[in-house]
Student: 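Below is the structure I would like to discuss, written out as structure tokens.
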Amino acid sequence: MSPTLVTPRLRLAPLAEGDLPHLVALNGDPEVMRYLTGRAMTPDEVAAELPSLLHSERGLRVWSGYDAHGTFAGVWFLSADPDDPDAGEIGWRLPQTAWGRGLAVEGARALVEHAFTTVGLGRLWAETMAVNAGSRRVMEKLGMRHARTEVCEWEDPIPGWEQGEVVYELTRPVS
């Protein structure tokens, strides 16, 4: 079981079945999904994905975030890197009402701290489309550095695909 993480403005609790309506609204927003799938997910698609998010398959942990008023503020992810036991991937997805308020960074900082101190990882990475300026800013504010850009061919490409996917990395500070 993942711990609850608390920041000055957020409470990040392990994702629960009761979070499904929030996930349906979040993943059903085409602007939220613009750089992920390029389209909104249907409620049935979100519901079908929920069991894998709840049961930490392949080392994935998901937290749902709520602000001080109890308003849903998004989800944050931490997953194991299958190729490197010392590394993990972090990510976030917030509703439009939470954009531009620093909540993505605040929640991600809590995950970085958890990953480095509690889990004991030595390196974190995050990935997004090169055209996703918002997520890239979050990565930079976390102190992550651009590691590489990869351009792949896609069966059903999303606008901006030709600029590639960027990978940012952060290593645990040496004490």
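Just so it is clear, the structure is predicted and the values come from calculations on it, not from any experiment.
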Student: Show the numbers, then the answer: is there a side-chain contact (heavy atoms from CB on, under 4.5 Å) between I90 and L142?
Tutor: CA-CA 11 Å; I90 62 170; L142 291 172; 3.9 Å; yes

Student: Got a second to check how far L54's CG is from E49's CD, nearest 0.5 Å?
Tutor: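 With rounding to 0.5 Å, CG (L54) is 10.5 Å from CD (E49).
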
Student: For V32, enumerate each residue passing the side-chain contact (heavy atoms from CB on, under 4.5 Å) test, keeping only those at least two apart in sequence or located in another chain.
Tutor: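 For V32 the side-chain contact (heavy atoms from CB on, under 4.5 Å) partners, ignoring immediate neighbours, are L26, D29, R93, Q96, W99.
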
Student: Just wondering, do V151 and E162 contact through their side chains at under 4.5 Å, heavy atoms?
Tutor: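 Side chain of E162 against side chain of V151, heavy atoms only: no contact under 4.5 Å found.
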
Student: Atom CD of E127 and atom OG1 of T149: how far apart are they, to the nearest 0.5 Å?
Tutor: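 One gets 10.0 Å once the value is rounded to the nearest 0.5 Å.
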
Student: Does the side-chain contact (heavy atoms from CB on, under 4.5 Å) test come out yes or no for D67 and R101, once each step is laid out?
Tutor: CA-CA 11 Å; D67 68 16; R101 297 173 36 206; 4.0 Å; yes

Student: Report the distance from atom CH2 of W76 to atom CD of E106, rounding to the nearest 0.5 Å.
Tutor: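 The distance works out to 8.5 Å.
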
Student: Quick check: closest heavy atoms across M33 and R39, and the distance to 0.1 Å?
Tutor: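 So the two residues come closest at CB-O, 3.2 Å.
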
Student: Is L121 reachable from V167 through a run of I, L, V, M, F, W or Y residues, each pair having side-chain heavy atoms under 4.5 Å apart?
Tutor: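 Hydrophobic grouping puts V167 apart from L121.
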
Student: What side-chain donor-acceptor pairs closer than 3.5 Å can you find for residues 10-22, not counting sequence neighbours?
Tutor:
unit_1	atom_1	unit_2	atom_2	d
D19	OD1	Y66	OH	2.4
D19	OD2	A16	N	2.8
D19	OD2	S64	OG	2.9

Student: With no hydrogens and no angle check, is any side-chain donor or acceptor of N27 less than 3.5 Å from a backbone partner on M41?
Tutor: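 No; zero donor-acceptor contacts below 3.5 Å.
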
Student: Given the rule in the side-chain contact (heavy atoms from CB on, under 4.5 Å) test, do W63 and L78 qualify, once you have shown the distances and angles that lead to the verdict?
Tutor: CA-CA 9 Å; W63 286 263; L78 175 64; 3.7 Å; yes

Student: Quick one: does H114's side chain get under 4.5 Å of R61's, heavy atoms only?
Tutor: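 Contact flag for H114/R61 side chains = no.
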
Student: Looking only at non-hydrogen atoms, find the nearest pair between A126 and M139 and report the distance.
Tutor: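 So the minimum-distance heavy-atom pair works out to CB-CE, 3.7 Å.
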
Student: So, does T117 use its side chain to make a donor-acceptor pair with the main chain of E113 at under 3.5 Å?
Tutor: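 Here the side-chain-to-backbone pair exists.
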
Student: Less than 4.0 angstrom from a charged side-chain N to a carboxylate O is my criterion; do R137 and E140 meet it?
Tutor: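 No.
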
Student: If we only count heavy atoms from C-beta on, is the Y168 to R136 side-chain gap below 4.5 Å?
Tutor: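 They are in contact (side-chain heavy atoms under 4.5 Å apart), so the answer is yes.
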
Student: If two hydrophobic side chains count as joined below 4.5 Å and joins carry through other members, does L111 share a cluster with W125?
Tutor: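 No, no single cluster joins them.
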
Student: With clusters defined by side-chain heavy atoms of hydrophobic residues (ILVMFWY) lying less than 4.5 Å apart, directly or transitively, does V119 cluster with L5?
Tutor: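 Same cluster: L5 reaches V119 through Ile, Leu, Val, Met, Phe, Trp or Tyr contacts under 4.5 Å.
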
Student: Could you report the tightest heavy-atom contact between L170 and G143, atom names first, then the distance?
Tutor: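 Residues L170 and G143, closest heavy atoms: CD1-O, 3.5 Å.
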
Student: Using salt bridge (charged side-chain N to carboxylate O under 4.0 Å, His left out) as the criterion, list what pairs up with R123, not counting sequence neighbours.
Tutor: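 So R123 forms a salt bridge (charged side-chain N to carboxylate O under 4.0 Å, His left out) with D81, D84, E169.
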
Student: For A104 versus L94, what's the shortest heavy-atom pair and its separation?
Tutor: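 Closest pair (atom of A104, atom of L94, distance): N-CD2, 3.6 Å.
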
Student: Is there a side-chain contact between W92 and L103 in this structure, where contact means two heavy atoms from C-beta onward sitting under 4.5 Å apart?
Tutor: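 Result no, sub-4.5 Å side-chain heavy-atom pair not found.
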
